[in-house]
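What follows is a set of notes on a single structure, which appears directly below.
The sequence lines fix the lettering, A, B, ..., with proteins before strands; numbering per chain opens at 1.
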There are 2 protein chains.
Amino acid sequence: MPRPTKQSPERGDARTRLLEGARDVIRRKGFAATSVDDLCQSAGVTKGAFFYHFNTKDALGVAVANFWAETTSALFASAPYHEPDDPLDRVLAYLDFRKGLIDGETFEYTCLVGTMTQEVHDSAPAIRDACAASIFGHAATLETDIEAARKQHNIDADWTAESLARHTQAVLQGGFILAKATGDPDLARESVDHLIRYVRGLFGVGPNTSETNYEKSS
Amino acid sequence: MPRPTKQSPERGDARTRLLEGARDVIRRKGFAATSVDDLCQSAGVTKGAFFYHFNTKDALGVAVANFWAETTSALFASAPYHEPDDPLDRVLAYLDFRKGLIDGETFEYTCLVGTMTQEVHDSAPAIRDACAASIFGHAATLETDIEAARKQHNIDADWTAESLARHTQAVLQGGFILAKATGDPDLARESVDHLIRYVRGLFGVGPNTSETNYEKSS
DNA sequence: TCCGAAACATACCATACGGTTGGTATGTAG
DNA sequence: CTACATACCAACCGTATGGTATGTTTCGGA
């Protein structure tokens, strides 16, 4: 049973605070450069609490990757891009939704599991696998709509829905890297625009159909 | 004047060996997780040699990013994809060339400066800027051919050559992440295939023109 | 042949790191 | 009220780390 801490009883239990803090700190500094003390400070707990909930630092890495998978899948499941009847419109609305998420500070919109994958792919298989499950699990949710769109629009494609779904994730991940290189989220949005143009081209639709615009109004 | 070491007199001077070792070790383990001792071991030198050539670990980070920029630009400058007369064929040949480079172990084909950007973008501006210069400097070499192709083929585009050049780098970087997540280079090649299909679509050419195939014959 | 600087190697230091230990407050079941 | 598990805290430990101080080798030039 989680119990609130004396210092901050309103912020939830220590384990959740550690995961939320880790999510943000690791996106700023990376996994290896983030010390256990950093993680404890971001959560407002001591190392005793940390190692009570996680046996090792790597164990937190796995846990925060799973935490990321759960929270993002909940976000996407409740997002409005599922509304259109045409599955192609849902795919395009998804991409527009993703584009709208790219806003604010770098650590706010970049992908935790993409970042961690880069770092630990060769040294921490458990973390890498958890990250991969998050990435490809999300891609699978998109694959459904892509395949439905392919059938509904009678596209005789030389590509698979699976590969296109993965490609969307690759474009997003790559866009994040360019954005990090300059600190400018426009570079990530720019690649999403190219991706949208590509998908439209695959399905033979023009640059302006009538899907809802989900971009932030800022 | 560089001097060969007793242990390995044939492998060149210590500074170059440190840069070459850093290039490979950092691509495996990441920058933060790579210790100075790791770097010294990979080069077969001691810490005295390391700190004689580089004041700090971060200074090596900047140096290895510049080293990467120099060596890769030399590789691409001498690559055969510049041969076609049609600039569009050069662009497509470039993408085919990049696809052919994706082979072997993960650390052999992934991008050093993309990896380092992810890690240090918020904590080591000097390294980040050196990485950004490498990425966007390379993209600029591609931009020339794209712009020439756009004019030659009379494309009235709603995209710029600059943005498309950056997008190619984003796709490659994103493909590397997916490849790292699974250890399978096919995932990176798959995204390049989508990118090639996109570029063909932008210029209205079919799936099979006659550019040379630069893929490795392995 | 001698010298001095460049190019390393060796030994060492202070600190930060991941992890451990012992203890304490709180909740809960009987 | 007892007994015990959960959830956390404070202090500590051994080691690895980035960095330094100093010694040693190599080599071109006077």
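- For Ser123(A), there are no side chain to side chain donor-acceptor pair (under 3.5 Å) partners, not counting sequence neighbours.
- In this structure, the CZ atom of Phe54(B) is 15 Å from the P atom of dG18(D), given to the nearest Å.
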Report each atom pair, protein N/O against N/O of nucleotides 12-15 of chain C, whose distance is under 3.5 angstrom.
none

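- Rounded to whole Å, atom C1' of dC27(D) lies 15 Å from atom CG of Asp13(B).
- Ion pairing between a basic and an acidic side chain is recognised when a charged N comes within 4.0 Å of a carboxylate O; Arg189(B) and Asp186(B) show such pairing.
- Nucleotide dA7(D) holds its P atom 18 Å from the CZ atom of Phe51(A), rounded to whole Å.
- Relative to the side chain of Ser35(B), the nucleotides dG18(D), dC17(C), dC8(C) differ in distance, and dG18(D) lies closest.
- Put simply, Tyr52(B) has no side-chain N or O that comes within less than 4.0 Å of OP1 or OP2 on dC8(C).
- Here Phe107(B) pairs with Asp24(B), Arg27(B), Arg28(B), Glu105(B) under the side-chain contact (heavy atoms from CB on, under 4.5 Å) rule; sequence neighbours left out.
- For Leu39(A) and dA16(C), the CG to P distance is 17 Å, given to the nearest whole Å.
- Distance Arg15(A) CZ to dC9(D) P: 16 Å, rounded to the nearest Å.
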Give me the distances for all protein-to-nucleotides 3-5 of chain C N/O pairs that come in under 3.5 Å?
none

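- Remark: Gln118(A) engages Thr115(B), Lys180(B) in a side chain to side chain donor-acceptor pair (under 3.5 Å) (not counting sequence neighbours).
- The salt bridge (Lys or Arg N to Asp or Glu O under 4.0 Å) check on Asp38(A) picks up Lys29(A), with sequence neighbours excluded.
- Listed nucleotides: dC8(C), dC8(D), dT10(C). Nearest to the side chain of Ala49(B): dC8(C).
- Judged by the 6.0 Å distance and 45° axis criteria, Lys57(B) is not positioned over the aromatic ring of Phe51(B).
- Among residue pairs with one or both ends in residues 125-147 of chain A, those qualifying as ring pair (Phe, Tyr, Trp, His ring centres under 6.0 Å) are Phe76(A)-His138(A), Tyr94(A)-His138(A); sequence neighbours excluded.
- Between Phe50(A) atom CZ and dA7(D) atom P there is a gap of 16 Å when expressed in whole angstrom units.
- Annotation: side chain to side chain donor-acceptor pair (under 3.5 Å) contacts of Arg150(A) (sequence neighbours excluded): Glu147(A).
- A donor-acceptor pair shorter than 3.5 Å can be found between the side chains of Arg197(B) and Tyr198(A).
- Listed pair His53(A) / dA7(D) fails the phosphate criterion, with no side-chain N or O lying under 4.0 Å from OP1 or OP2.
- The separation between Arg17(B) atom CZ and dC8(C) atom C1' is 10 Å, rounded to whole Å.
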Sequence neighbours excluded and cut-off under 3.5 Å, please list the side-chain donor-acceptor pairs for residues 60-72 of chain A, or say none.
residue	atom	partner	partner atom	Å
Asn66(A)	ND2	Val62(A)	O	3.3
Thr71(A)	OG1	Phe67(A)	O	2.9
Thr71(A)	OG1	Trp68(A)	O	3.2
Thr72(A)	OG1	Trp68(A)	O	2.7
Thr72(A)	OG1	Ala69(A)	O	3.3

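- Arg90(B) meets the side-chain contact (heavy atoms from CB on, under 4.5 Å) test with Pro84(B), Pro87(B), Asp145(B); sequence neighbours excluded.
- Scanning residues 55-62 of chain A for heavy-atom distances under 4.0 Å to DNA chain C yields Thr56(A), Lys57(A).
- With dT17(D), dT20(C), dA10(D) as the choices, the nucleotide that has an atom nearest any side-chain atom of Thr46(A) turns out to be dA10(D).
- Considering only residues two or more places apart in sequence or on other chains, Ser191(B) meets the side chain to side chain donor-acceptor pair (under 3.5 Å) condition with His167(A).
- Distance CG (Asp37(A)) to C1' (dT20(C)): 14 Å, rounded to an integer number of Å.
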